[in-house]
Amino acid sequence: MLGSAVKVKDMSGAVLALGIVHLTYFTDNQGRRVWQRSLWRLTETSRRVYFQQGTLTA
């Protein structure tokens, strides 16, 4: 059984250094809104998340 789709909006990214990106965005899962932040790093073989944080919003 599949769950409902999580909606993503207001995604924004900022390059902090060569190969390092900070992403921010909102997710909405059936009315549960979360402000998300993550740091991504480009390696020789892939992109990897090194930090992820989410904060519930009203």
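- When every heavy atom of Asp28 is checked against every heavy atom of Gln30, the shortest pair comes out as OD1-N, 3.5 Å.
- In plain terms, the two heavy atoms of Ser4 and Asn29 that are nearest each other are OG-OD1, 3.5 Å.
- Heavy atoms only, all atoms of each residue included: Ser38 and Val49 are closest at CB-CG2, 4.0 Å.
- The shortest heavy-atom contact between Met11 and Tyr25 is CA-CB, 3.7 Å.
- With hydrogens and angles left out, the side-chain atoms of Thr27 and Arg32 include no donor and acceptor closer than 3.5 Å.
- Inter-residue side-chain proximity for Arg37 and His22 is flagged as met; some heavy-atom pair is nearer than 4.5 Å.
- Note that the CZ atom of Arg41 and the CG atom of Leu18 stand 10.5 Å from one another [nearest 0.5 Å].
- No donor-acceptor contact under 3.5 angstrom links the side chains of Gln53 and Gln36, judged on distance only.
- Expressed to the nearest 0.5 Å, how far CH2 of Trp40 lies from CZ of Phe51 amounts to 13.5 Å.
- Inter-residue side-chain proximity for Leu16 and Leu39 is flagged as met; some heavy-atom pair is nearer than 4.5 Å.
- Both tests pass for Arg33 against the ring of Phe26: distance under 6.0 Å to the centre and angle within 45° of the axis.
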